[in-house]
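Given the structure is predicted, the values throughout are model-derived calculations rather than measurements. Each chain gets a letter, A, B and so on, in the order the sequences are listed, and its residues count up from 1.
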2 protein chains.
Amino acid sequence: MATARVSKSANGKAQAAPQALYQRIRADLEEKILSGRWPPGYRIPFEHELVESYNCSRMTVNKVLSGLAAAGIIERKRRVGSFVAKPLVQSAVLHIPDIQAEIAKRGEAYAYELLTRKRRKATKDDLERLGIDKSCDVLVLSCRHIAKGRPFALEERLINLDVVPPASEIDFTRVPPGTWLLGHVPWNEAEHRITASLADDVALKALTLKKPAACLVVERRTWRKNKIITSVRVTYPNDLYQLTARFTPTGLRS
Amino acid sequence: MATARVSKSANGKAQAAPQALYQRIRADLEEKILSGRWPPGYRIPFEHELVESYNCSRMTVNKVLSGLAAAGIIERKRRVGSFVAKPLVQSAVLHIPDIQAEIAKRGEAYAYELLTRKRRKATKDDLERLGIDKSCDVLVLSCRHIAKGRPFALEERLINLDVVPPASEIDFTRVPPGTWLLGHVPWNEAEHRITASLADDVALKALTLKKPAACLVVERRTWRKNKIITSVRVTYPNDLYQLTARFTPTGLRS
DNA sequence: GGACGTCGTATGTCTATACATAATCAGCGG
DNA sequence: CCGCTGATTATGTATAGACATACGACGTCC
């Protein structure tokens with residue numbers, strides 16, 4: 001066909017969105033999906049049809065469709081077509097900030113306090129938390145984070161010294177273990193469990209709370225190549241902390 | 001140069017990972033980054049260098065690098081190069097399942113019960129929850145989810161009837177409002193607040209708990225085109241529910 | 001010596017083409 | 001009528017070449 005396309009070199013794109021072509025196409029398709037004009041299950045036009053309507057090459061629309069598929073917005077089936085994905089998505093991006101950074105961001109005074117630090121051969125319980133069989137050395141830490149002079153979080157942590165030998169050299173009296181680990185140990189995967197609980201005596205004391213007190217508890221295990229680096233349990237007084245999660249189903253889209 | 005590359009047509013790819021070339025390249029680069037050989041801040045080889053070492057076209061490595069950049073694993077700067085991103089990522093994918101589906105998946109009996117249903121002009125408090133100024137009609141619902149005969153969650157919901165007029169036609173005595181909304185109303189964005197709290201009298205009664213009881217509370221607001229569709233507060237007994245979030249920093253990677 | 005302009009380079013985007021792959025569908029033979 | 005086979009077709013992957021753009025570096029001019 002070789003008809004006249006807009007001739008990419010013949011414009012400065014003085015339009016509202018002077019973006020790249022494939023970005024405009026993507027925005028266009030997303031809009032159609034989001035507005036409901038293309039409901040879940042709808043078969044979107046074939047690549048060659050989009051090529052015609054946008055007057056561009058198949059590589060370009062392919063890039064758009066691949067991106068939409070990667071973001072879970074559409075599903076593609078060979079020989080059949082591409083379809084708007086079912087709403088399905090029941091997940092959200094959960095922001096779990098560094099405690100120190102979070103408090104600093106609020107402009108509040110931050111203090112950190114190491115309560116206990118023990119090195120020992122892993123107990124049976126430790127091994128279970130770290131998901132391993134054979135025994136190894138672990139570092140057991142307990143510390144407090146303090147904001148505006150009030151205890152903000154109690155952190156109880158187990159570090160697998162087989163995976164992170166250098167941790168045994170750090171005394172963690174000044175640097176919180178989470179901060180040190182984040183900066184020194186690359187990781188693979190993390191899992192969080194978020195629960196509510198009534199503070200036990202240890203937590204009541206560490207957080208200077210009065211019974212009964214509800215606390216938000218975040219337990220996190222962090223992997224590096226199938227081995228758990230560290231297992232941590234952070235307890236927050238319910239009135240001082242909340243998790244927030246924001247989700248936009250349309251993929252990343254800066 | 002046009003040297004002999006592996007000649008894509010000359011093989012059946014009987015290797016360990018008979019994947020596409022760009023997937024193998026991506027896996028390769030990810031491995032280098034994850035293993036720490038290419039630490040954060042490291043400048044990865046230029047596109048043309050990767051082209052040489054993998055004996056492929058620039059489009060192919062470009063696709064890989066663009067994907068890594070989109071996933072936040074590397075950062076790219078024109079004229080400068082591509083760099084391994086700082087560990088930064090403090091977020092996780094939080095799976096917030098449909099209550100009914102979740103209980104069904106566990107193979108437990110599920111029951112649903114509508115407690116109250118009121119239609120009214122929005123109060124000042126309602127308007128604030130829905131983030132709007134001018135008054136409108138809202139639907140106020142309260143219901144219970146029951147697993148294995150035991151109250152599992154208390155759901156208190158506000159629906160903006162200006163955004164979802166058809167909701168006023170539904171009586172929600174059989175279908176949970178969350179399930180109905182998910183299936184009928186496309187949405188844009190959602191925000192969650194996760195907190196712990198001591199159950200108040202309403203919650204104690206609805207969930208048949210004894211004082212004092214800690215509960216996990218998930219508040220969610222869901223948008224469609226800058227308008228809040230619904231605002232919901234779900235309260236779970238601490239011993240019956242926990243949120244889990246799993247995170248793999250290496251982007252999606254099916 | 002400092003402001004400024006030119007050039008080189010790495011990434012960003014797009015095209016035209018090619019072949020591979022998977023799945024559907026029609027047609028054929030048993 | 002059923003099942004197999006081959007044609008058709010949409011997507012998947014890859015290539016080479018081209019031009020655009022941003023930005024650092026270097027050199028020039030005043």
Open item on the list: I'd like to know if the side chain of B:Ser66 and the backbone of B:Lys63 have a donor-acceptor N/O pair within less than 3.5 Å.
Closed with: no
So which protein N/O to nucleotides 22-27 of chain D N/O distances come out below 3.5 Å?
unit_1	atom_1	unit_2	atom_2	d
D:dA22	O4'	B:Arg78	NH1	3.3

Task: Selection residues 40-61 of chain A - residue pairs positive for salt bridge (charged side-chain N to carboxylate O under 4.0 Å, His left out), sequence neighbours left out - done: A:Arg43-A:Glu49, A:Glu47-A:Arg58, A:Glu47-A:Arg76
Task: Stretch residues 58-65 of chain B: residues that reach within less than 4.0 Å of DNA chain C through a heavy atom - done: B:Arg58, B:Met59, B:Asn62
TODO: Under 4.0 Å between any heavy atoms, over every strand shown, what does B:Ser82 touch: base, sugar-phosphate, or nothing? Just pick one.
DONE: sugar-phosphate
Task: Nucleotide C:dT9, atom P - distance to CZ of B:Arg43 in whole Å - done: 14 Å
TODO: Would you mind reading off the distance between B:Arg26 atom CZ and D:dA14 atom C1', rounded to a whole angstrom?
DONE: 18 Å
Open item on the list: Please compare A:Ser57 and B:His48 by the position of their nearest nucleotide in DNA chain C and report the one closer to 5'.
Closed with: B:His48
Open item on the list: Among D:dT13, D:dT11, C:dT13, which nucleotide has an atom closest to any side-chain atom of A:Phe46?
Closed with: D:dT11
Task: B:Trp180 and B:Phe172 aromatic ring geometry - parallel, tilted or perpendicular at 30°/60° bounds - done: perpendicular
Task: Distance, rounded to the nearest Å, where A:Leu21 contributes CG and D:dA20 contributes C1' - done: 14 Å
Open item on the list: Rounded to whole Å, please give me the gap between CD in A:Gln23 and P in D:dT21.
Closed with: 14 Å
Task: Verdict with supporting geometry, B:Glu219 and B:His192, side-chain hydrogen bond (donor to acceptor under 3.5 Å, both in side chains) - done: CA-CA 5 Å; B:Glu219 290 172 283; B:His192 304 263; over 6 Å; no
TODO: Would you confirm whether B:Ser82, through its side chain, and B:Ile44, through its main-chain N or O, come within 3.5 Å as a donor-acceptor pair?
DONE: no
Open item on the list: I'd like to check the salt bridge (charged side-chain N to carboxylate O under 4.0 Å, His left out) partners of B:Lys32; sequence neighbours left out, ordered by chain and number.
Closed with: B:Asp28
Open item on the list: Test: salt bridge (charged side-chain N to carboxylate O under 4.0 Å, His left out). Region: residues 161-174 of chain A. Which pairs qualify, not counting sequence neighbours?
Closed with: A:Lys134-A:Asp162
Task: Rounded distance in Å - CG (A:Leu50) to P (C:dC14) - done: 15 Å
Open item on the list: What is the distance, to the nearest angstrom, from the OH atom on B:Tyr54 to the P atom on D:dT15?
Closed with: 14 Å
Open item on the list: So does B:Thr173 get a backbone contact from the side chain of B:Tyr112, meaning a donor-acceptor N/O pair under 3.5 Å?
Closed with: no
Open item on the list: Whole angstroms only, please: what is the CZ-P distance between B:Arg24 and D:dT13?
Closed with: 13 Å
- [ ] Could you tell me which residues satisfy side-chain hydrogen bond (donor to acceptor under 3.5 Å, both in side chains) with B:Ser168, sequence neighbours excluded, listed by chain and number?
- [x] none
- [ ] Measure the distance from CG on B:Leu68 to P on C:dT11 and round it to the nearest whole Å.
- [x] 13 Å
